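Notes follow once the structure below has been shown.
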Amino acid sequence: MLKHATSLILITSMLLSACSAQNQSSSEAKEVKNDTAAILKKEKTEAPPYTEPQFEHSETDSEAQPRTDTNETDIKPEVPSTDGTSSEALVKKTYHMNSSYVIKPNDESSPAKVVLLTFDDGPKNEKMITSLIDALDKHHAKAIFFVNGNRVKRQPNLLKMIHDRDQIIGNHAWDHEDLKKMSSSEAKKQLTDVQQIVKDIVGEKPQFFRPPFGSGNDALKDAAKEEEMLYMTWSNGSLDWDKSTKNRPDKVIQNVLDQLHPGSNILMHELPWTVEALDELLTLLEDKGYSFVDPRAIELQSR
């Protein structure tokens with residue numbers, strides 16, 4: 001009997017120990033589960049937000065990509081002219097022309113060794129004009145292209161090309177005739193008709209006038225002044241129009257150099273041998289210390 005009771009007590013103790021161990025394991029497992037959940041929650045809360053990977057670009061790659069962050073405040077819209085004059089009138093007037101048609105600096109801050117480049121009797125031929133402007137662009141030079149109205153009427157696209165390539169258009173009368181042999185009213189019409197057709201095509205009136213053959217008078221000078229143009233002839237003739245210079249670009253160059261002086265107002269024409277001579281001529285002028293005055297920097301009244 002005693003032996004049986006002792007066996008029951010041992011069995012009961014073993015069962016109670018097993019239940020206690022099971023409860024403890026269950027409790028520890030629950031605690032581990034709770035701790036893991038807390039850690040995961042913490043990591044999720046503290047982790048930085050996902051961002052796209054950042055890659056370094058080579059200079060070549062970055063240069064190949066167009067800019068998309070242009071500051072719109074840096075873009076200034078072109079303001080159209082309302083009076084028929086060029087918006088380039090904002091170029092500072094640092095030179096003037098004297099009574100001998102020589103270009104002079106207004107003060108010592110501007111160099112005196114400059115030349116004014118001009119081409120008369122166009123527009124004639126697209127290839128020649130393109131070559132002339134290509135040479136001017138190469139030397140960062142501006143020139144006045146004095147045009148005849150009858151030629152402009154036949155080839156308005158050539159006038160527009162001169163304007164679009166940022167060269168300056170001048171008035172050389174409607175026909176290439178001696179204006180002194182006309183009545184004052186006829187001569188004035190030769191001038192004003194060119195003003196109108198040029199404005200109709202490019203939106204701006206010429207600011208420079210040169211009579212054909214350099215042949216003018218006081219009435220013509222007054223007419224040019226009424227149109228707010230500077231009247232001029234030249235002070236350095238290339239003689240490219242003369243038969244002695246035909247097909248001789250070297251002669252065109254030498255003629256200009258023989259007459260060279262500070263402020264030279266150089267007369268040239270849209271001719272094949274002048275086109276061929278221009279690049280070398282401009283190089284030689286630069287070698288002699290001359291630069292090319294921007295016509296827009298010249299005052300529109302001589303003094």
Side-chain angles (χ1 to χ4, degrees), residues 81 83-122 132-133 135-137 139-148 159 162-163 165-173 191 194-195 198-199 202-212 214 216 218 220-238 256 259-270 278 281-282 285-286 288-303:
S81 173
D83 59 0
T85 59
S86 172
S87 59
E88 295 295 343
L90 297 177
V91 174
K92 186 177 180 181
K93 304 295 185 183
T94 52
Y95 289 87
H96 65 275
M97 190 184 71
N98 69 13
S99 58
S100 299
Y101 309 114
V102 175
I103 307 305
K104 295 287 187 178
N106 290 346
D107 54 55
E108 294 180 356
S109 65
S110 300
K113 289 187 72 172
V114 298
V115 298
L116 174 64
L117 304 171
T118 69
F119 301 93
D120 285 12
D121 300 356
L132 288 173
I133 298 178
L136 292 170
D137 285 349
H139 294 269
H140 308 289
K142 302 295 182 188
I144 304 174
F145 287 76
F146 283 103
V147 300
N148 295 121
L159 183 85
I162 295 170
H163 177 266
R165 292 197 60 179
D166 201 30
Q167 295 297 327
I168 290 78
I169 295 168
N171 185 326
H172 199 42
L191 185 155
V194 173
Q195 292 294 87
V198 171
K199 181 183 177 183
V202 301
E204 301 171 356
K205 291 182 179 180
Q207 295 184 321
F208 303 95
F209 175 73
R210 174 179 284 160
D218 289 341
L220 198 57
K221 292 178 181 179
D222 289 341
K225 187 175 181 179
E226 287 178 14
E227 291 292 325
E228 300 180 331
M229 286 191 292
L230 178 64
Y231 178 102
M232 69 171 72
T233 59
W234 56 89
S235 67
N236 183 323
S238 66
V256 171
Q259 303 169 66
L260 185 61
H261 58 270
S264 287
N265 183 344
I266 303 174
L267 168 66
M268 294 176 283
H269 295 78
E270 187 186 323
L278 187 60
L281 173 60
L282 299 186
L285 290 172
E286 288 176 317
K288 292 179 178 294
Y290 282 83
S291 57
F292 313 110
V293 66
D294 187 331
R296 296 166 296 191
I298 302 173
E299 295 176 354
L300 298 181
Q301 290 186 348
S302 61
R303 55 186 171 98

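Just so we're clear, the structure is a prediction, and the values are computed from it rather than from any experiment.
- Relative orientation of the Phe146 and His172 rings is tilted, given thresholds of 30° and 60° on the angle between their planes.
- A heavy-atom distance below 4.5 Å is not found between the side chains of Val198 and Asn171.
- Here the shortest heavy-atom pairing between Lys93 and Asn106 reads O-ND2, 3.1 Å.
- Inter-residue side-chain proximity for Asp294 and Thr94 is flagged as unmet; no heavy-atom pair is nearer than 4.5 Å.
- A 4.5 Å side-chain heavy-atom check between Phe119 and Glu270 finds every atom pair outside the cut-off.
- Every salt bridge (Lys or Arg N to Asp or Glu O under 4.0 Å) that Lys142 has, sequence neighbours left out, goes to Asp166.
- Using a 4.5 Å heavy-atom threshold, the side chains of Ile168 and Phe208 count as touching.
- Legend: residues meeting salt bridge (Lys or Arg N to Asp or Glu O under 4.0 Å) with Glu286, ordered by chain and number and at least two apart, are absent.
- Counting only heavy atoms from C-beta outward, the side chains of Glu204 and His163 approach each other to under 4.5 Å.
- For the side-chain contact (heavy atoms from CB on, under 4.5 Å) test, residues two or more places apart in sequence or in another chain that qualify with Leu220 are Leu179, Ala187, Leu191, Phe209, Pro211, Asn217, Tyr231.
- Put simply, the side chain of Met232 does not reach to within 4.5 Å of the side chain of Leu267, judged on heavy atoms.
- The side-chain contact (heavy atoms from CB on, under 4.5 Å) test with Tyr101 singles out one residue from Asn236, Asn265, Leu116, and that residue is Asn265.
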